[in-house]
Engineer: 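Sharing a structure here in structure tokens format.
Chain naming here is simple, since letters A, B, ... match the order of the sequence lines and numbering starts at 1 in each. All values below were derived from every heavy atom in this structure, side-chain atoms included, with hydrogens, water molecules and symmetry-related copies excluded.
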Amino acid sequence: MSLKNELPALLQSALDKLLADGVLPEGLNPRIDVTQSRDPGHGDFATNLALALAKQAGRDPRELARQISSALPAHALLEKVEIAGPGFINFFAAQDARFRIVGEILAGGEHYGRSTLGERRKVQVEFVSANPTGPLHVGHGRGAAYGATIGNILEAVGYDVQREYYVNDAGRQMDILATSTWLRYLELAGEELPFPRNAYQGDYVWDIAATLHRERGDALRHSAQTVFTDLPPESSDQEAHIDALILRGKQLLGADYEVIHKQTLDTILGDIRDDLSHFGVDYDVWFSERSLTTSGGLERAIAQLRERGHLYERDGATWFRSTEFGDEKDRVVIRDNGQATYFASDIAYVLNKLERGFERVIYVWGADHHGYVPRMKAVARALGADPEQLEFLIVQFAVLYRHGDRLQMSTRSGEFVTLRQLRKDVGADAARFFYVMRRCEQHLDFDLDLATAHKNENPMFYIQYAHARICSVLRECEQKSLHYDEEDGLAHLELLVAEQETALLRTLDRYAGVVETAALRLEPHQLTNYLRELANAFHTYYNGQRLLVDDAPIRNARLTLARAARQVMANGLQLLGVSAPESM
RNA sequence: GCGCCCGUAGCUCAGCUGGAUAGAGUGUCGGCCUCCGAAGCCGAAGGUCGUGGGUUCGAAUCCCGCCGGGCGCGCCA
């Protein structure tokens with residue numbers, strides 16, 4: 001237990017005493033907030049408690065601070081208390097308390113920094129969930145990195161985390177894709193045909209078609225003339241043209257249409273899974289949208305809303321009265337042609353998630369979906385759940401630049417930079433780190449030239465370098481046959497009195513709190529910023545003090561401190577899904 | 001027009017939910033290797049926190065109005 005964790009209790013007992021003595025009035029409910037001091041002159045920790053209280057009680061803050069500090073019980077780790085500025089209470093830790101962290105880190109090992117804050121509560125993080133209509137592009141990458149990192153961090157603070165990918169395997173886009181595959185197949189079989197402009201143009205469609213042609217020969221072949229006869233012309237209505245083409249395919253192919261559909265879906269989904277896995281992103285569940293229909297979940301969700309009186313009919317369609325729950329307009333769930341809307345699936349999906357017992361359901365969404373949040377909250381309330389259970393993390397777009405030009409991305413045109421390509425160019429580590437370096441609300445300018453040509457400017461290398469450097473020193477120590485003794489090191493930590501050592505110790509002391517903050521606020525960038533500071537604290541130390549000195553107790557103490565720093569870096573990088581190399 | 005997000009050093013961004021002298025990286029300039037990895041360290045210069053009001057002991061942070069940028073506002077998925 002560090003001093004910081006004990007201070008709130010000490011302050012509380014001081015408040016209780018002042019209350020009992022009648023110095024403070026009843027009914028005050030101050031939040032006790034202890035922070036690490038930025039300026040060493042302000043001690044190790046500080047609280048603004050007196051300032052906050054002075055406002056509520058209408059007292060002079062400095063006088064109040066004096067009263068609090070004199071009511072404070074003594075504590076072995078607390079050396080001195082000072083009142084400063086307008087009424088801050090500054091705490092100076094005993095020397096002993098500052099070294100404690102090193103032993104804690106080494107004892108905790110790879111588990112150091114983990115906690116039980118989440119109390120094993122079930123939380124689901126659903127992320128990426130891109131339409132399986134082509135390879136993931138760099139826009140999906142940010143959601144992938146965010147979702148995965150948030151999952152890791154929540155797990156680290158004791159939540160029971162489930163990672164899920166929602167597969168949009170129903171609907172028109174999949175039909176367009178399956179039809180695209182079939183048309184390419186026909187071309188490979190020797191048919192000449194006008195490939196529609198709004199069908200999927202990407203090379204991967206050719207690949208799937210080629211596999212299909214290899215496996216099935218001409219079994220799925222129909223003449224181009226048969227296929228294109230009597231269709232609404234593409235020139236007048238593209239959408240009607242492709243819809244008619246889909247229908248034609250289903251009629252001509254019968255059960256074989258499903259084969260093409262499935263083969264296309266499986267191929268692309270397998271590719272996405274493989275891609276994400278190489279990105280260090282793995283899921284517990286791949287949830288099929290279609291299964292909501294086949295399991296009857298969709299009907300049940302609709303029925304439930306109907307029973308609760310939240311549905312009504314108008315213009316032949318069925319509407320959800322979401323305005324009753326704060327949405328700006330009501331939403332159609334069943335179209336006048338009898339088909340369920342995509343939103344109906346979303347409703348069934350929410351119900352399904354809640355039924356699976358998640359206390360927190362986190363959606364990681366792209367900025368283009370932010371308009372859907374109110375209606376999803378409305379659904380939660382209409383289903384009798386607490387809308388706070390659904391949390392939406394809106395991740396702003398990552399805009400790619402190459403040669404100073406903004407790149408356009410469109411899956412259908414086939415011209416996009418894939419996540420796979422990005423991994424190849426900058427590496428999975430750099431991409432993972434880069435993506436979560438900023439708050440998700442912040443737009444991300446991703447300059448490919450910078451990321452590829454000058455990759456040593458990436459702050460991730462700075463952190464990895466610090467880790468590798470410590471490993472190198474330890475190797476060097478062995479090579480020189482200098483014996484390292486951890487026990488001796490721990491016993492002589494009081495020899496670490498250099499300014500850089502104190503600074504490094506203070507930085508290490510912050511780690512557990514940073515992980516907690518990052519989890520509480522769902523902000524991975526807290527961690528990347530911290531790790532940069534930690535790496536800087538170590539590099540500064542390394543440049544200022546020699547670790548491998550002849551004096552054994554000092555050497556052991558310094559190497560022990562370095563090992564603690566290495567452990568924290570490794571643990572932090574692990575949460576980010578970034579490797580901690582022993583040499584570079 | 002309405003809604004959400006963003007505006008902080010030349011550039012890219014932090015700023016611990018209202019606290020002490022607003023901080024990093026990068027770029028510019030100047031120092032540091034006979035010694036554990038110079039992919040490093042240290043120092044300097046660089047700010048009317050978009051703007052105008054308000055709230056109070058105290059505002060980059062909270063409230064309101066403008067200005068500028070991004071993204072949404074379908075019986076699409």
Side-chain angles (χ1 to χ4, degrees), chain A residues 31 33 35-39 41-42 46 48 51-52 54-55 60-61 84-88 90 131 133 168 170-174 176 239 289 314-319 328-329 331-337 339-343 345-346 366-374 394 396-397 399 437-445 447 450 454-459 461-462 464-466 468-477 479-480 482 500 510 513-514 517-518 520-521 523 525-526 528-530 532-533 535-536 538-549 555 558-559 562 583-584:
Chain A
R31 201 185 58 186
D33 203 14
T35 58
Q36 192 176 54
S37 306
R38 174 171 230 126
D39 178 348
H42 295 147
N48 64 351
L51 288 161
K55 190 170 194 164
D60 172 38
F88 291 101
N90 293 333
N131 276 336
T133 49
N168 300 116
R172 181 166 172 265
Q173 290 305 318
M174 265 312 297
I176 294 176
E239 303 302 321
E289 181 191 352
R314 195 180 76 202
D315 303 334
T318 304
W319 297 69
E328 58 180 7
K329 59 204 286 191
R331 310 288 173 180
V332 172
V333 288
I334 311 281
R335 291 197 283 260
D336 58 6
N337 64 7
Q339 280 193 316
T341 59
Y342 185 83
F343 179 50
S345 294
D346 283 340
D368 55 340
H369 279 71
H370 77 260
Y372 286 69
V373 174
I394 303 301
Q396 296 295 322
F397 292 126
V399 182
M437 240 172 67
R438 297 183 188 158
R439 293 198 350 261
C440 68
E441 298 92 339
Q442 196 66 242
H443 294 225
L444 179 66
D445 291 339
D447 187 332
L450 192 74
H454 312 285
K455 64 183 192 175
N456 53 349
E457 287 171 17
N458 192 312
F461 285 86
Y462 182 83
Q464 289 185 324
Y465 178 54
R469 210 176 203 185
I470 296 170
C471 293
S472 170
V473 173
L474 291 167
R475 279 195 301 270
E476 186 70 18
C477 177
Q479 251 172 32
K480 288 184 175 171
L482 294 167
Q500 302 98 327
R510 282 169 45 212
V514 168
T517 305
L520 235 45
R521 297 163 53 163
E523 292 181 349
H525 77 274
Q526 302 280 351
T528 59
N529 288 343
Y530 168 80
R532 215 216 158 267
E533 285 176 45
N536 178 249
F538 177 76
H539 284 311
T540 302
Y541 176 36
Y542 181 90
N543 273 273
Q545 304 291 330
R546 203 180 155 70
L547 306 190
L548 297 178
V549 292
R555 184 177 69 237
R558 288 182 176 170
L559 289 176
S583 64
M584 304 172 64

Engineer: Glu533(A) near the nucleic acid: base, sugar-phosphate alone, or nothing, with a heavy-atom cut-off under 4.0 Å?
Structural biologist: nothing
Engineer: In terms of ring plane angle, is the pair Phe538(A) and Tyr542(A) parallel, tilted or perpendicular, where the classes change at 30° and 60°?
Structural biologist: tilted
Engineer: At under 4.0 Å between heavy atoms, what does Glu289(A) touch on the DNA or RNA strands: base, sugar-phosphate, or nothing?
Structural biologist: nothing
Engineer: What is the nucleic acid contact for Ser345(A), judged by heavy atoms within less than 4.0 Å: base, sugar-phosphate only, or nothing?
Structural biologist: nothing
Engineer: Applying a 3.5 Å limit to both distances, which nucleotide forms a Watson-Crick or G-U wobble pair with rC66(B)?
Structural biologist: rG50(B)
Engineer: Could you give the CD-to-P distance, from Gln36(A) to rG23(B), as a whole number of Å?
Structural biologist: 16 Å
Engineer: If you only use heavy atoms from C-beta on, which nucleotide in rC41(B), rA39(B), rC6(B) is closest to the side chain of Arg439(A)?
Structural biologist: rC6(B)
Engineer: Taking CH2 from Trp319(A) and P from rG74(B), how many angstroms apart are they, rounded to a whole number?
Structural biologist: 10 Å
Engineer: With sugar-phosphate meaning primed atoms plus P, OP1 and OP2, does Asp346(A) contact a base, only sugar-phosphate, or nothing at under 4.0 Å between heavy atoms?
Structural biologist: nothing
Engineer: Considering every strand and a 4.0 Å limit on heavy-atom distances, what is the contact class for His525(A): base, sugar-phosphate, or nothing?
Structural biologist: sugar-phosphate
Engineer: Starting the side chain at C-beta, find the nucleotide from rG37(B), rG19(B), rG74(B) nearest to Arg475(A).
Structural biologist: rG37(B)
Engineer: With a 3.5 angstrom cut-off on both distances, give the Watson-Crick or G-U wobble partner of rU21(B), or none if there isn't one.
Structural biologist: none
Engineer: Applying a 4.0 Å non-hydrogen cut-off, can you work out what Ala170(A) is touching in the nucleic acid: base, sugar-phosphate, or nothing?
Structural biologist: sugar-phosphate
Engineer: Side chain of Glu441(A) only, please: which of rC75(B), rC5(B), rC35(B) is the nearest?
Structural biologist: rC5(B)
Engineer: Determine: side-chain N/O of Arg510(A) to OP1/OP2 of rC16(B), distance under 4.0 Å, yes or no.
Structural biologist: no
Engineer: What nucleic acid atoms does Asp368(A) come within less than 4.0 Å of, heavy atoms only: base, sugar-phosphate, or nothing?
Structural biologist: sugar-phosphate
Engineer: What is the distance from CZ of Arg331(A) to C1' of rC75(B), rounded to the nearest Å?
Structural biologist: 12 Å
Engineer: May I have the distance from Asn458(A) (atom CG) to rC13(B) (atom C1'), rounded to whole angstrom?
Structural biologist: 14 Å
Engineer: Using the side-chain heavy atoms of Arg532(A), tell me which of these nucleotides is nearest: rG25(B), rA20(B), rG15(B).
Structural biologist: rG25(B)
Engineer: What is the distance, to the nearest angstrom, from the CG atom on Leu547(A) to the P atom on rG37(B)?
Structural biologist: 10 Å
Engineer: Contact class for Met584(A) (heavy atom, under 4.0 Å): base, sugar-phosphate, or nothing?
Structural biologist: base
Engineer: Could you check rC33(B) for me: syn (within 90° of 0) or anti?
Structural biologist: syn
Engineer: Using only heavy-atom distances, decide whether a donor-acceptor pair under 3.5 angstrom links the side-chain of His370(A) to the base of rG3(B).
Structural biologist: yes
Engineer: Quick one: look up who rA14(B) pairs with, Watson-Crick or G-U, both distances under 3.5 Å, and put none if it's unpaired.
Structural biologist: none
Engineer: Taking CD from Gln339(A) and C1' from rC76(B), how many angstroms apart are they, rounded to a whole number?
Structural biologist: 12 Å
Engineer: Which nucleotide, in any strand shown, forms a Watson-Crick or G-U wobble pair with rC71(B), with both distances under 3.5 Å?
Structural biologist: rG3(B)
Engineer: Say you pick atom C1' in rG50(B) and the same atom in rG25(B); how far apart are they, in whole Å?
Structural biologist: 23 Å
Engineer: Applying a 4.0 Å non-hydrogen cut-off, can you work out what Ala367(A) is touching in the nucleic acid: base, sugar-phosphate, or nothing?
Structural biologist: sugar-phosphate
Engineer: Arg555(A) side chain to Val549(A) main-chain N or O, any donor-acceptor pair under 3.5 Å?
Structural biologist: yes
Engineer: In whole angstroms, how far is the C1' atom of rG74(B) from the CZ atom of Phe343(A)?
Structural biologist: 13 Å
Engineer: Nearest-nucleotide wise, let me know which of Asn529(A) and Ala317(A) is further upstream toward the 5' end of RNA chain B.
Structural biologist: Asn529(A)
Engineer: So, Thr517(A) and Gln526(A): side-chain donor and acceptor under 3.5 Å apart, yes or no?
Structural biologist: no
Engineer: Heavy atoms under 4.0 Å, any strand shown: does Thr540(A) hit a base, just sugar-phosphate, or nothing?
Structural biologist: sugar-phosphate
Engineer: Could you tell me the separation between the CD atom of Gln479(A) and the P atom of rC36(B), rounded to a whole number of Å?
Structural biologist: 12 Å
Engineer: If you only use heavy atoms from C-beta on, which nucleotide in rC76(B), rG19(B), rU17(B) is closest to the side chain of Leu51(A)?
Structural biologist: rG19(B)
Engineer: Closer to the 5' end of RNA chain B via nearest nucleotide, is it Gly371(A) or Phe88(A)?
Structural biologist: Phe88(A)
Engineer: Donor-acceptor pair, distance only, cut-off 3.5 Å: does the side chain of Ser472(A) make one with the backbone of Ala468(A)?
Structural biologist: no
Engineer: Give the nucleotide from the list rC41(B), rG37(B), rU17(B) with an atom nearest to the side chain of His539(A).
Structural biologist: rC41(B)
Engineer: Counting the atoms with a prime plus P, OP1 and OP2 as sugar-phosphate, which does Asp336(A) contact under 4.0 Å by heavy atoms, base, sugar-phosphate, or nothing?
Structural biologist: base
Engineer: Measure from the side-chain heavy atoms of Asn536(A) and tell me the nearest of rC42(B), rA38(B), rG15(B).
Structural biologist: rC42(B)
Engineer: Output yes when a side-chain donor or acceptor of Asn543(A) lies under 3.5 Å from a complementary backbone atom of His539(A), and no otherwise.
Structural biologist: yes
Engineer: With both distances under 3.5 Å as the test, what is the Watson-Crick or G-U wobble partner of rU28(B)?
Structural biologist: rA44(B)
Engineer: If you look at every strand shown and take non-hydrogen atoms under 4.0 Å, does Gln464(A) touch a base, only sugar-phosphate, or nothing?
Structural biologist: nothing
